[in-house]
Amino acid sequence: MRLPGLATGGAVGVSLSAMPPRDAPDDALRADRALADAVLAGAPGAFERLVRDYQGLCWHVIDRMVRHPEDTRELCQEAFLRVHQALHQYRGESALKSWIAQVAYSVAKRHLERRRIPIAESVDDDGLSLAERVPDGFDLEGAVSDEEAVAHLHAAIERLPPLQRTLLTLYHLEDMPIGEIARVTGLAEGTIKSHLFRSRKQLRGLLEPSLGVFAA
Amino acid sequence: MNRTSPPSIDERAWQAQERALSGESRDRGDAVLARALRSAPVTEPPPGFAADVLRHVAAAPAVAVDDGRLESLLQRALVAVFAIGALATAVAYGGDWWTLASAAFGGEAVRWGLAAAACLALSWWPGRWLRRDDHTAPSAA
């Protein structure tokens with residue numbers, strides 16, 4: 001589902017439905033390496049191709065973190081500038097996609113840190129759960145259809161801290177395996193799993209009051 | 001005090017949650033959550049964004065490629081400073097150290113200890129010297 005007002009037009013990056021399989025085959029890595037080499041060699045159109053291929057991914061990662069269109073635009077430009085300047089460090093041992101996502105993530109994280117915005121939900125947060133942070137007007141028991149429940153979950157996902165929101169995006173929308181997410185974020189695989197587990201458990205808990213309707 | 005690392009989870013609980021969200025579960029709540037996670041709205045770059053990026057990159061000042069040589073040079077300079085400092089300290093206080101060590105362990109033991117240290121250094125240093133040109137390129141971002 002895409003938000004209106006930001007037409008995809010002809011400038012769409014990697015389609016979420018056309019993502020490579022979880023285990024990138026060797027030929028995909030070779031293609032990544034070839035593209036990187038072409039950019040480093042200054043081949044005409046090579047960097048433009050790289051931008052067009054990965055602008056969607058970069059945008060998704062940064063937007064999930066900062067949730068501000070203008071900041072997202074500036075930070076994406078900064079991320080691609082860093083990609084251009086540091087591409088000589090890409091060795092082709094992992095997919096170019098995860099390398100670029102790593103750059104995008106670090107740019108967004110630094111932006112939030114400069115603004116002193118916490119990126120992760122603190123563990124000892126005096127017990128305030130996701131359900132308790134939902135506004136008073138949120139009527140779970142009034143949900144009568146799956147569509148309504150899905151919409152409410154989407155709203156709840158938007159209220160998650162940046163890190164949890166981004167991890168859910170990378171895992172469920174970008175179809176990125178845990179190991180690759182670990183490379184992108186610099187977090188341990190166990191930590192990523194814990195964040196995903198807790199977030200999904202909290203989201204699932206929001207549906208509990210309406211199970212009586214679903215069980216019918 | 002807040003922590004940023006959540007407590008670890010049980011692997012079985014993780015696998016159970018994965019199965020529930022994979023479509024294998026018949027629970028409607030799990031199905032709704034799975035659908036919500038895979039359909040969360042995302043924004044896309046606006047038209048012309050790629051062209052903006054290319055203009056931004058083209059306008060940016062050129063950055064010298066860091067191949068690590070400066071870092072290596074500074075490291076060697078630092079090691080040299082430490083070595084000179086250690087040597088100067090040994091010259092200044094070596095006599096006192098020898099006296100104290102001889103009193104504590106005996107003169108013969110101290111001499112044998114120094115000989116052993118010299119043997120270790122002689123066996124380690126040539127290998128280090130032969131490997132001095134095998135440093136790899138800087139790590140990836």
Side-chain angles (χ1 to χ4, degrees), chain A residues 1-3 6-13 16 47-48 51-52 55-56 59-60 63 69 72-73 76-77 80-81 84-86 88-91 93 99 102-103 120 122-125 146 149-150 153-154 157 168-169 172-173 190-191 193-195 197-198 200-201 203-204 207-208 211 214-215, chain B residues 1-11 13-18 20-22 25-68 136-141:
Chain A
M1 174 180 163
R2 304 289 183 265
L3 291 183
L6 285 173
T8 57
V12 175
L16 294 180
F47 186 63
E48 180 178 355
V51 173
R52 291 193 185 281
Q55 61 178 334
W59 192 275
H60 295 157
D63 185 61
T72 297
R73 188 182 188 120
C76 271
Q77 289 184 346
F80 275 112
L81 177 60
H84 188 261
Q85 291 173 343
H88 63 280
Q89 295 181 358
Y90 173 67
R91 293 180 172 178
E93 295 167 346
W99 191 83
Q102 183 183 354
V103 173
S122 56
V123 176
D124 297 329
D125 58 353
D146 289 2
V150 166
L153 286 178
H154 286 166
I157 290 172
L168 288 173
T169 296
H172 290 286
L173 292 179
T191 301
K193 281 185 175 179
S194 292
H195 279 304
F197 183 85
R198 282 166 49 84
R200 298 187 307 193
K201 188 177 177 183
L203 290 168
R204 181 65 179 83
L207 296 175
E208 289 301 325
L211 277 180
F214 289 140
Chain B
M1 185 176 75
N2 293 332
R3 293 184 288 118
T4 56
S5 296
S8 58
I9 58 167
D10 182 65
E11 183 63 24
W14 166 260
Q15 294 297 339
Q17 193 183 64
E18 284 286 281
L21 296 175
S22 67
S25 169
R26 297 188 178 192
D27 183 275
R28 288 190 63 181
D30 292 337
V32 167
L33 176 59
R35 187 173 145 200
L37 290 171
R38 291 197 168 273
S39 65
V42 291
T43 59
E44 295 295 336
F49 176 73
D52 288 343
V53 168
L54 295 175
R55 277 192 293 272
H56 182 72
V57 170
V63 175
V65 173
D66 175 21
D67 59 3
T136 57
S139 59

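Side-chain atoms are counted along with the backbone in the values below, which use heavy atoms only and exclude waters and symmetry mates.
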Polar side chain donor-acceptor pair, A:H154 to B:S39, under 3.5 angstrom: yes
Structural part of B:A13 lying under 4.5 Å from a heavy atom of chain A: both
Contact summary for A:C76 and B:F49, nearest pair of heavy atoms: CB-CZ, 3.2 Å
B:L37 and A:I157: CA distance, side-chain angles, deciding distance, side chain to side chain contact (heavy atoms under 4.5 Å, CB included) verdict: CA-CA 9 Å; B:L37 290 171; A:I157 290 172; 4.0 Å; yes
Considering all heavy atoms, the nearest A:L173-B:A40 contact: CD1-O, 3.7 Å
Residue pair B:V42 / A:D63, side-chain heavy-atom distance below 4.5 Å: no
Proximal component of A:L81, with respect to chain B [non-hydrogen, under 4.5 Å]: both
Test side chain to side chain contact (heavy atoms under 4.5 Å, CB included) applied to A:Q55 and B:E44, step by step: CA-CA 9 Å; A:Q55 61 178 334; B:E44 295 295 336; over 6 Å; no
Between CZ on residue A:R198 and CD1 on residue B:I9, distance to nearest 0.5 Å: 10.5 Å
Residues that B:D30 engages under salt bridge (charged side-chain N to carboxylate O under 4.0 Å, His left out), provided they are two or more places apart: A:R204
Heavy-atom pair count under 4.5 Å with chain A, highest-scoring of B:A36, B:A20, B:A51: B:A36
Salt bridge present between B:E18 and A:R200 (N-O < 4.0 angstrom): yes
Spatial distance of atom CZ (B:R28) from atom CG (A:D146) [nearest 0.5 Å]: 4.5 Å
B:D52 and A:R73: CA distance, side-chain angles, deciding distance, side chain to side chain contact (heavy atoms under 4.5 Å, CB included) verdict: CA-CA 10 Å; B:D52 288 343; A:R73 188 182 188 120; 2.3 Å; yes
Close side-chain approach of A:F80 and B:H56, heavy atoms under 4.5 Å: no
